[in-house]
Number of protein chains: 2
Amino acid sequence: MPAPSQKHDVFQAIADPTRRQLLRLLADKEMPVTIISRHFPMSRTAVSKHLRILANAGLVKEQKVGRETRYRLQPEPLIELKQWLSFFERFWANKLSMLKHYVENEEIDGLKLVESKHEEQEPKE
Amino acid sequence: MPAPSQKHDVFQAIADPTRRQLLRLLADKEMPVTIISRHFPMSRTAVSKHLRILANAGLVKEQKVGRETRYRLQPEPLIELKQWLSFFERFWANKLSMLKHYVENEEIDGLKLVESKHEEQEPKE
DNA sequence: ATTATATGAAACCAAATGGTTTCGTGTCAA
DNA sequence: TTGACACGAAACCATTTGGTTTCATATAAT
C-alpha cells in the first residue's frame, strides 16, 4: 500500500488562492518551476514552496527532467472534496434559494441555465 | 442587494477540521453556542470564534433567541466550491485511476458502487 | 574547464491563526 | 432584586503561514 505521506490535507492545500491558481495553470500542461513562477507576483522560491505543499497533498506530481523539475496536476485527491461536498448536497437539493445562485453565476457543472417559465413560485402568504 | 460582507472566503472557512465538523453538526439541527461547544475539546469562546468565521463566509446563519444565539447551516456558499471543482472534473473524467478511488472509498455522491461484470476491461497490451 | 541556468534548503520575518483566560452585559429565573 | 446563565469582546500567547534573501548544488552550454 503506497500511502502518499499526505502531510497536508487537500482542504488546507486549496485554501490559498495562489495554490488554486497553480492547480488551474498546471491542469493541462506540465511546466518547470521557473516558467510557472512567471505567472505569479512573487519570488520563484515562494512558488516552489506552494508547489511542495500541493505535492504533499498529492494534488501535483513532480518529475525531474535534467536540471528542471516539471509539475503537473494530479486531480485524484479532489475526490475527497467532492465526497465531502456530496454530504451537504442533500441539504440544498430542494432549496429554492440555490436557484438564485444558479442564476447569478450562470453556470454550474458546465451546464448553463436558461430562462424558465416560473412554474415554481413562492406562495403569496 | 444584500452582499453578505464575506470577509472570509469559503475555501478558507472549510480549511479547518473543527469548522468542517461544525458544519456537519449544524447541518440539520439549529443549536445554541453552549450546546455546540460541548461537542468539541476546546473552550466555548474558541468554538464561538469558529462560528463567526463560518458566519462571515455565509456558511452559517445566526439567530438570537432570548439570551442564546442559535446557529444553523446555510449551505448556499458551498456552490462556489462545487463550481470550482467542476472545472477539474474534465481532467479526471476519463481517467481510469479515479476508479481506484471509487472502489477504495466505496461511495461517491451518495451512490454506492456494486459489483459489475467487468464489461469494460483494460486491453491486454 | 568555465560559466550560466534551474532548483531546493536555510535562515529569517511579519502577519494570520487557533487557542486561552478574564471581564462586561443582556436575559431568564427565584 | 438577586443571582445564574449565555454570550461576545478583549487581551494575550504560541505556532503556522506566506513571503523574503542568500547560498549550495546539480545540470547544461560554450
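All values derive from a computational prediction rather than experimental measurement. Note on naming: letters A, B, ... go to the chains in the order of the sequence lines (proteins, then strands), and numbering restarts at 1 for each one.
- Residues from residues 20-44 of chain B that place a heavy atom under 4.0 Å from any atom of DNA chain C, listed by number: B:M42, B:S43.
- Look at B:S48 and you won't find any side-chain N or O under 4.0 angstrom from OP1 or OP2 of D:dC7.
- For the side chain to side chain contact (heavy atoms under 4.5 Å, CB included) test, residues two or more places apart in sequence or in another chain that qualify with A:K61 are A:R72, A:Q74.
- B:D28 and B:L25 make their closest contact through OD1-O, 4.0 Å (heavy atoms, listed as atom of the first residue, atom of the second, distance).
- A:E68 meets the side-chain hydrogen bond (donor to acceptor under 3.5 Å, both in side chains) test with A:R70; sequence neighbours excluded.
- Note that the CG atom of A:L59 and the CG atom of A:L51 stand 11.5 Å from one another [nearest 0.5 Å].
- One distance of note links CD of B:E30 with OG1 of B:T69; it measures 10.5 Å at 0.5 Å rounding.
- At a threshold of 4.5 Å between non-hydrogen side-chain atoms, the residues B:L73 and A:F88 count as touching.
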Ignoring hydrogens and angles, write down the donor-acceptor pairs under 3.5 Å from the side chains of residues 32-45 of chain B, residues two or more places apart or on other chains.
| unit_1 | atom_1 | unit_2 | atom_2 | d |
| --- | --- | --- | --- | --- |
| B:S37 | OG | B:T34 | O | 2.8 |
| B:H39 | ND1 | B:I35 | O | 3.2 |
| B:H39 | ND1 | B:I36 | O | 3.3 |
| B:S43 | OG | B:A46 | N | 3.1 |

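- Comparing A:K49 and A:R70 by the nucleotide of DNA chain C whose heavy atom lies nearest to each, the residue mapping closer to the 5' end is A:R70.
- When side chains are defined from C-beta on, A:L26 does not count as touching A:L54, because their heavy atoms never get closer than 4.5 Å.
- Here D:dT17 presents its C1' atom at 17 Å from CD1 of A:I14, a figure rounded to the nearest Å.
- For DNA chain C, the contact window with chain B, defined by any atom under 4.0 Å from a protein heavy atom, covers C:dT17 to C:dC28 in 5' to 3' order.
- Atom-to-atom distance recorded for A:L23:CG and B:F87:CZ is 9.5 Å, nearest 0.5 angstrom.
- Nearer to the 5' terminus of DNA chain D, by closest-nucleotide assignment, is the contact made by A:D16 (compared with the other of A:D16 and A:T45).
- Applying a 4.0 Å cut-off to non-hydrogen atoms, the residues of residues 59-69 of chain A that approach DNA chain C are A:R67, A:E68, A:T69, listed by residue number.
- What separates CG of A:L54 from P of D:dG18 is a distance of 11 Å, to the nearest Å.
- Looking only at side-chain heavy atoms (C-beta outward), A:N56 and A:Q12 stay at 4.5 Å or farther from each other.
- Rounded to whole Å, atom C1' of D:dA6 lies 13 Å from atom CG of B:L51.
- For A:R19 and D:dG18, the shortest distance from a side-chain N or O to OP1 or OP2 is below 4.0 Å.
- Counting all heavy atoms, side chain and backbone alike, B:P75 lies closest to A:F91 at CG-O, 4.0 Å.
- Residues forming a side chain to side chain contact (heavy atoms under 4.5 Å, CB included) with B:R20 (at least two apart in sequence, or on another chain): A:D9, A:F11, A:W84, B:I14, B:P17.
- Rounded to an integer number of Å, the gap from CG of A:N56 to C1' of D:dT17 is 14 Å.
- Each end of the helix from C:dA1-D:dT30 to C:dA30-D:dT1 gets its own axis, taken as the rotation carrying the C1' atoms of four end pairs onto the next four within a five-pair window, and the two axes meet at 20° to the nearest 10 degrees.
- When the options B:V60, B:V47, B:I53 are evaluated for a side chain to side chain contact (heavy atoms under 4.5 Å, CB included) with B:L22, the one that passes is B:V47.
- B:G58 approaches B:P77 most closely through the heavy-atom pair O-CG, 3.2 Å.
- Between D:dT17 and A:Q12, a contact under 4.0 Å exists linking OP1 or OP2 to a side-chain N or O.
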